[in-house]
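Since this is a predicted model, take the numbers as computed values, not measurements. Residues: numbered from 1 along the sequence shown.
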Amino acid sequence: MSAYAMERAHDRITWLAEEGHDLVTFWREATALLTRAVPHHVTPCFYTMDPASLLVTSHYHEGMPAIPRDWLALEYSAEDFNKMADVARSPRGVATLDEATGGDPARSARYRKSMQPLGVEQEVLAALRTRSGEVWGMLALYRAPGRRPFDAGEVAFLRAAGPALAAGARRALLLGEAAEPDAPDAPGLVVLDGEWQVESLTPGAERWLADLPDGDWEARGVLPPSVLAVAGRALRTAAGAESPGEVAFARVLSLSGRWIVLHGASLHSGGRQRIAVIVEPAHPARIAPLLMAAYGLTEREQEVTRLVLQGHSTAEISERLAVSRHTVQEHLKHIFEKTGVRSRRDLVGKVFFSHYEPRLRDNEARTAAGRPIRGGPYPAP
């Protein structure tokens with residue numbers, strides 16, 4: 001594909017991400033665009049990941065409603081090449097299995113046990129990473145034996161498209177959570193019509209609006225300026241008045257002293273243009289309270305565990321937390337004792353299969369039922 005055609009495909013993916021689709025629709029539409037930009041691959045596989053742990057929370061692969069558990073075991077309980085967390089943390093954020101194995105993909109257990117039986121040979125993984133560095137998912141593309149390897153131009157395209165795909169996935173997760181809230185701090189959704197009038201509010205949205213400064217929603221129905229500003233940016237991007245990818249986003253200090261973030265998206269249904277503004281608290285990673293509740297980990301032990309889940313080495317953890325390597329090892333010793341494991345690999349496997357596989361299976365059922373996809377670990381009972 002020519003450079004111009006790839007640029008056009010990139011722009012269309014960026015606009016798609018701004019349209020406010022549910023996650024499954026977003027993946028389906030993105031599949032069609034990726035097929036034109038990176039031809040001759042089999043159906044792509046999309047994953048959502050928890051940015052705090054880099055563990056998978058959902059997948060979408062046409063023709064595969066449920067991901068085999070042994071595939072997950074290869075990812076989270078065994079050593080292998082081109083693992084998703086490693087690609088997600090890498091500077092480039094894109095890697096091929098051919099590169100990772102030095103041109104011999106048969107060195108990979110995943111290649112031998114899952115790719116070959118499905119008749120695929122070439123693999124490229126691309127992190128769906130926002131411009132601020134948060135990883136919200138992973139895209140996997142495959143080619144059959146006899147097809148050419150993914151070339152430098154295709155890898156560069158996937159890297160460039162990653163931030164838009166990440167933004168679309170994050171927005172879809174937020175829209176789904178706002179439409180079907182299941183927690184007190186769930187996002188609120190405000191939908192504006194073409195005349196900038198409030199068309200609908202989800203349960204809990206009024207609480208967030210009342211806490212934003214300079215508005216008067218409760219008494220006079222006046223929206224806060226921050227909501228209107230984010231809606232305006234989303235509308236200008238959808239209309240092409242701004243360059244593709246303008247971020248419809250704001251971070252506001254609320255009246256109660258809490259930081260609140262707003263995201264805007266254009267909605268298209270029935271030929272009508274509407275704007276959705278998602279309002280949510282800027283809260284810490286959901287895995288932190290889960291680790292405390294499930295295992296009694298201290299705050300520092302939670303930080304170390306989160307970095308282990310992301311694939312960081314002892315030296316990297318030491319540098320990030322500004323503590324000695326000996327201190328990191330002491331924390332790991334206590335973490336292993338509290339979680340009942342003996343190694344880092346066992347720790348990753350235990351956290352994934354105890355708290356993230358249930359989320360992934362729940363999301364498989366949600367996909368089949370047409371319900372919103374959820375992010376983050378599965379709530380503790």
Side-chain angles (χ1 to χ4, degrees), residues 11-26 28-30 33 130 164-181 185-256 258-282 370-373:
D11 287 348
R12 293 184 69 181
I13 289 173
T14 302
W15 284 318
L16 176 67
E18 294 287 343
E19 290 180 350
H21 295 288
D22 66 86
L23 189 60
V24 172
T25 299
F26 179 62
R28 285 174 178 160
E29 296 289 333
L33 295 173
T130 66
L165 290 168
R170 173 165 166 67
R171 186 170 287 113
L173 289 170
L174 285 170
L175 284 168
E177 191 171 353
E180 193 178 293
D185 274 357
L189 176 64
V190 182
V191 178
L192 306 179
D193 63 21
E195 302 299 321
W196 290 71
Q197 299 300 308
V198 174
E199 182 177 289
S200 63
L201 297 171
T202 57
E206 292 187 351
R207 176 166 65 96
W208 298 121
L209 293 177
D211 203 19
L212 288 170
D214 301 324
D216 191 4
W217 176 254
E218 288 183 310
R220 297 188 295 130
V222 177
L223 288 172
S226 54
V227 173
L228 298 175
V230 168
R233 283 199 292 273
L235 187 62
R236 290 195 300 273
T237 298
E242 302 286 349
S243 60
E246 184 199 13
V247 178
F249 172 86
R251 180 181 169 94
V252 180
L253 185 61
S254 70
L255 297 175
S256 62
R258 185 178 191 179
W259 285 102
I260 293 178
V261 293
L262 299 90
H263 314 259
S266 171
L267 300 177
H268 297 276
S269 62
R272 295 187 302 128
Q273 174 94 46
R274 298 178 300 158
I275 298 296
V277 177
I278 308 155
V279 189
E280 66 163 346
R371 297 178 61 201
I373 305 302

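Shown here for Ala178 and Leu189, the closest heavy-atom pair between the two residues is CB-CB, 3.7 Å. Summarising the geometry of Leu192 relative to Ala231, their closest heavy-atom pair is CD1-CB, 3.8 Å, with the distance given to 0.1 Å. Shown here for Val198 and Trp217, the closest heavy-atom pair between the two residues is CG2-CH2, 3.5 Å. Closest of all the heavy-atom pairs between Gly215 and Pro225 is N-CD, 4.4 Å. Across Ala282 and Arg251, no two heavy atoms sit closer than the pair CB-NH1, 3.8 Å. The minimum heavy-atom distance linking Arg258 with Trp208 is given by the pair NH1-CH2, 4.0 Å.
Residue Ser254 holds its OG atom at 12.5 Å from CG of Leu209, rounded to the nearest 0.5 Å. Here Glu29 contributes atom CD and Leu33 contributes atom CG; the two are 7.5 Å apart, rounded to the nearest 0.5 Å. Atom CG of residue Leu212 and atom CG of residue Leu253 lie 10.5 Å apart, to the nearest 0.5 angstrom. In this structure, the separation between CD on Glu180 and CD1 on Ile373 is 10.0 Å, given to the nearest 0.5 Å. One finds the CD atom of Glu177 at 9.5 Å from the CG atom of Asp185 (value rounded to the nearest 0.5 Å). If you take CG on Leu165 and CG on Leu16, they are separated by 8.5 Å, rounding to the nearest 0.5 Å.
For the side-chain contact (heavy atoms from CB on, under 4.5 Å) test with Ser226, the passing option among Val277, Leu262, Val261, Ile260 is Leu262; the others fail.
Residues Leu175 and Pro372 form no side-chain contact, since every pair of their non-hydrogen atoms from C-beta on lies 4.5 Å or further apart. Within the 4.5 Å cutoff, no side-chain heavy atoms of Pro224 are placed close to those of Asp214.
Every residue meeting the side chain to side chain contact (heavy atoms under 4.5 Å, CB included) condition with Val222, not counting sequence neighbours, appears here in chain and number order: Asp216, Arg220.
At least one donor-acceptor pair under 3.5 Å links the side chain of Arg171 to the backbone N or O of Ala17.
More than 12 non-hydrogen atoms from other residues, nucleotides or ligands lie less than 6.0 angstrom from CZ of Arg170.
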- Take Val24 and Arg28 through the test side-chain contact (heavy atoms from CB on, under 4.5 Å) and record every step on the way to the result. CA-CA 6 Å; Val24 172; Arg28 285 174 178 160; 3.6 Å; yes

